[in-house]
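Contents: one structure, followed by commentary.
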Protein chains: 2
Amino acid sequence: MNPILPQFESVFSIDCLIFGFDEGELKILLIERNEEPFKDLWALPGYLVGNDEGISHAAERILYELTGLRDIFMDQFYVFGEVDRHPQGRVVTVAYYALIRINGIKDLKPVTSFAKSASWYNINNLPEILAFDHRSIFDKGFEKIKQKISYEPIAFELLPEKFSLTQLQNLYEVILNKKLDKRNFRKKMLNYGILKELDEKEKGVSYRAAKLYRFDRRKYAKLFKNELTFGK
Amino acid sequence: MNPILPQFESVFSIDCLIFGFDEGELKILLIERNEEPFKDLWALPGYLVGNDEGISHAAERILYELTGLRDIFMDQFYVFGEVDRHPQGRVVTVAYYALIRINGIKDLKPVTSFAKSASWYNINNLPEILAFDHRSIFDKGFEKIKQKISYEPIAFELLPEKFSLTQLQNLYEVILNKKLDKRNFRKKMLNYGILKELDEKEKGVSYRAAKLYRFDRRKYAKLFKNELTFGK
DNA sequence: TTACTTAGTGTCAGCAATACACCCTATATT
DNA sequence: AATATAGGGTGTATTGCTGACACTAAGTAA
């Protein structure tokens with residue numbers, strides 16, 4: 001029943017937490033495995049690192065192969081290296097998160113043979129069981145994102161180029177898992193001075209259209225002064 | 001000149017940034033290599049992870065072998081996995097930082113054969129050249145510590161159990177690399193309510209002795225509410 | 001007793017964080 | 001044309017934290 005796969009001594013892999021924000025929901029991309037072990041279970045997309053391939057290169061390659069996307073915001077956040085985390089040998093995995101803009105690309109075709117499908121899951125509604133230790137990887141990565149969103153402008157990586165303040169606030173609310181006050185949120189965001197107000201408005205809504213903004217990377221650089229809590 | 005060492009295909013190692021605070025200076029522990037490659041150069045203490053050994057276990061073991069210390073505050077902070085970072089093969093290294101209390105243990109005897117000595121270096125006065133990519137590892141790790149000290153109570157891991165506010169402030173100043181105002185620092189620290197004032201005073205000083213404090217882990221738990229910047 | 005060295009303390013101003021509720025505007029419906 | 005609907009957009013008062021700033025207190029050593 002369980003076909004014996006080639007045994008390996010010690011290899012590295014990359015596993016990716018690919019976050020996307022769509023229709024007010026924060027989602028991650030999972031693949032349905034088509035191979036043992038954990039055949040038919042959902043897993044984080046990931047793959048082995050080549051023998052002559054740098055870790056960060058591998059991460060970008062694997063993301064590209066799965067999503068067709070390049071130049072994506074991604075960073076490693078933890079290494080999972082317990083001896084028994086892979087039933088067939090020693091696999092140390094470097095976990096990355098990636099933040100992508102889901103525009104039209106909701107349904108990604110799995111490119112790799114070991115997956116039979118890929119789909120987006122709301123982070124509050126993941127499959128009960130994930131393959132390997134992928135549940136812990138998710139937990140740890142989501143924690144990081146939560147922390148990071150409070151002091152780095154990662155939210156903008158998840159939104160379209162042009163977005164409304166309401167969209168931005170929704171994203172913060174979903175990640176932080178709490179309601180924020182609309183007036184305070186806007187005051188604070190606009191005060192940072194890192195948003196550029198555009199001459200455009202939302203389209204296709206059946207109510208008053210909201211102004212659109214763009215993240216101003218240039219101005220953001222200035223904000224780097226507030227890195228540290230202590231003043232004098 | 002350069003003896004050929006056994007070639008390996010793909011292994012992983014741990015490298016440790018071991019921070020200590022002593023006599024008002026922040027230091028890290030370096031070893032002087034006794035083996036090629038980079039013989040006679042200074043390097044971060046580290047070693048290969050065993051084939052049947054978990055990453056975190058290896059980190060603790062390696063730290064123990066080098067310092068004789070257990071139950072130390074340590075955490076991984078980054079993986080360095082470029083193909084050419086080790087001249088003799090593919091070595092992916094998981095970098096950890098560890099924070100230890102230097103009490104009497106200033107001079108550690110190297111336990112491993114590949115080191116001929118170990119010593120503490122002031123972080124502002126490291127050797128010009130470190131082995132491998134250890135300089136980048138230091139830079140990245142020190143950045144993390146800097147950030148972390150502003151929102152997690154890691155400073156206390158570096159101080160003795162009982163410490164004065166002046167000691168604590170010195171440590172912050174050294175890590176953040178700036179002078180802090182004494183009154184503001186004390187006000188802020190004491191307001192957090194995570195310090196327990198003791199009935200003891202400094203001893204052996206030739207001036208007015210300072211009150212000693214202890215970090216109150218229990219009360220700290222409460223402070224976890226301030227994790228996120230947004231209130232309502 | 002004096003000199004020296006570090007410990008220890010309070011206030012004010014400015015700004016950011018929070019709490020809170022109503023009118024505006026674009027579209028869809030009748 | 002009038003009305004309903006749904007989300008867009010706005011201001012103020014309070015409170016608490018941050019940061020600037022300088023002198024006295026206490027202990028030791030000579």
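Below, all heavy atoms of this structure are taken into account, side chains as well, without hydrogens, waters or symmetry copies. Note on naming: letters A, B, ... go to the chains in the order of the sequence lines (proteins, then strands), and numbering restarts at 1 for each one.
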For A:F19, all residues meeting ring pair (Phe, Tyr, Trp, His ring centres under 6.0 Å), sequence neighbours excluded: none
Taking atom C1' of C:dA7 as reference, at what distance in whole Å does atom CZ of B:F163 sit? 16 Å
B:R186 and B:T166 side chains, donor-acceptor separation under 3.5 Å: yes
Whole angstroms only, please: what is the CG-P distance between A:L180 and C:dC20? 15 Å
Per-nucleotide protein contact string for nucleotides 11-17 of chain D (B base, S sugar-phosphate only, - none; heavy atom under 4.0 Å): BB-----
Over how many whole Å does the gap from A:L190 atom CG to C:dA16 atom C1' extend? 15 Å
Stretch residues 198-207 of chain A: residues that reach within less than 4.0 Å of DNA chain C through a heavy atom: A:V205, A:S206, A:Y207
Identify, with sequence neighbours excluded, every residue that meets ring pair (Phe, Tyr, Trp, His ring centres under 6.0 Å) alongside A:F38. A:F132
To the nearest angstrom, how far is A:Y192 atom OH from C:dC15 atom P? 17 Å
Sequence neighbours excluded, the answer for ring pair (Phe, Tyr, Trp, His ring centres under 6.0 Å) partners of A:F163 is A:F156
Starting at atom CZ of B:F185, determine the distance to atom C1' of D:dC21, rounded to an integer number of angstrom. 18 Å
Looking at C:dA26, does its base get a donor-acceptor pair with the side chain of A:R208 below 3.5 Å? no
Please name all residues satisfying side-chain hydrogen bond (donor to acceptor under 3.5 Å, both in side chains) with A:D139, sequence neighbours left out, ordered by chain then number. A:R135
Any N/O donor-acceptor pair, B:K182 side-chain to C:dG8 base, under 3.5 Å: yes
Within this structure, what is the CZ-to-P distance between B:R186 and C:dG10, rounded to whole angstrom? 12 Å
Residue set satisfying ring pair (Phe, Tyr, Trp, His ring centres under 6.0 Å) with B:F77, at least two apart, ordered chain then number -> B:Y97
Start at the 5' end of DNA chain C and walk down; is the nucleotide closest to A:A209 or to B:Y213 reached first? B:Y213
Sequence neighbours excluded, the answer for side-chain hydrogen bond (donor to acceptor under 3.5 Å, both in side chains) partners of A:S56 is B:E82
Could you tell me how far apart B:K179 (NZ) and D:dC21 (C1') are, to the nearest whole angstrom? 16 Å
Can B:E173 and B:K178 be counted as an ion pair, charged N to O under 4.0 angstrom? no
Please tabulate, for side-chain N and O atoms in residues 206-215 of chain A, each donor-acceptor pair with protein atoms closer than 3.5 Å (sequence neighbours left out).
from   : atom 1 : to     : atom 2 : distance (Å)
A:K211 : NZ     : A:E197 : OE2    : 3.2
A:R214 : NH1    : A:E161 : OE1    : 3.3

In whole angstroms, the gap separating P of C:dA7 from CG of B:L168 amounts to 13 Å
Which part of the nucleic acid, if any, lies within reach of B:T166 when heavy atoms closer than 4.0 Å are counted: base, sugar-phosphate only, or nothing? sugar-phosphate
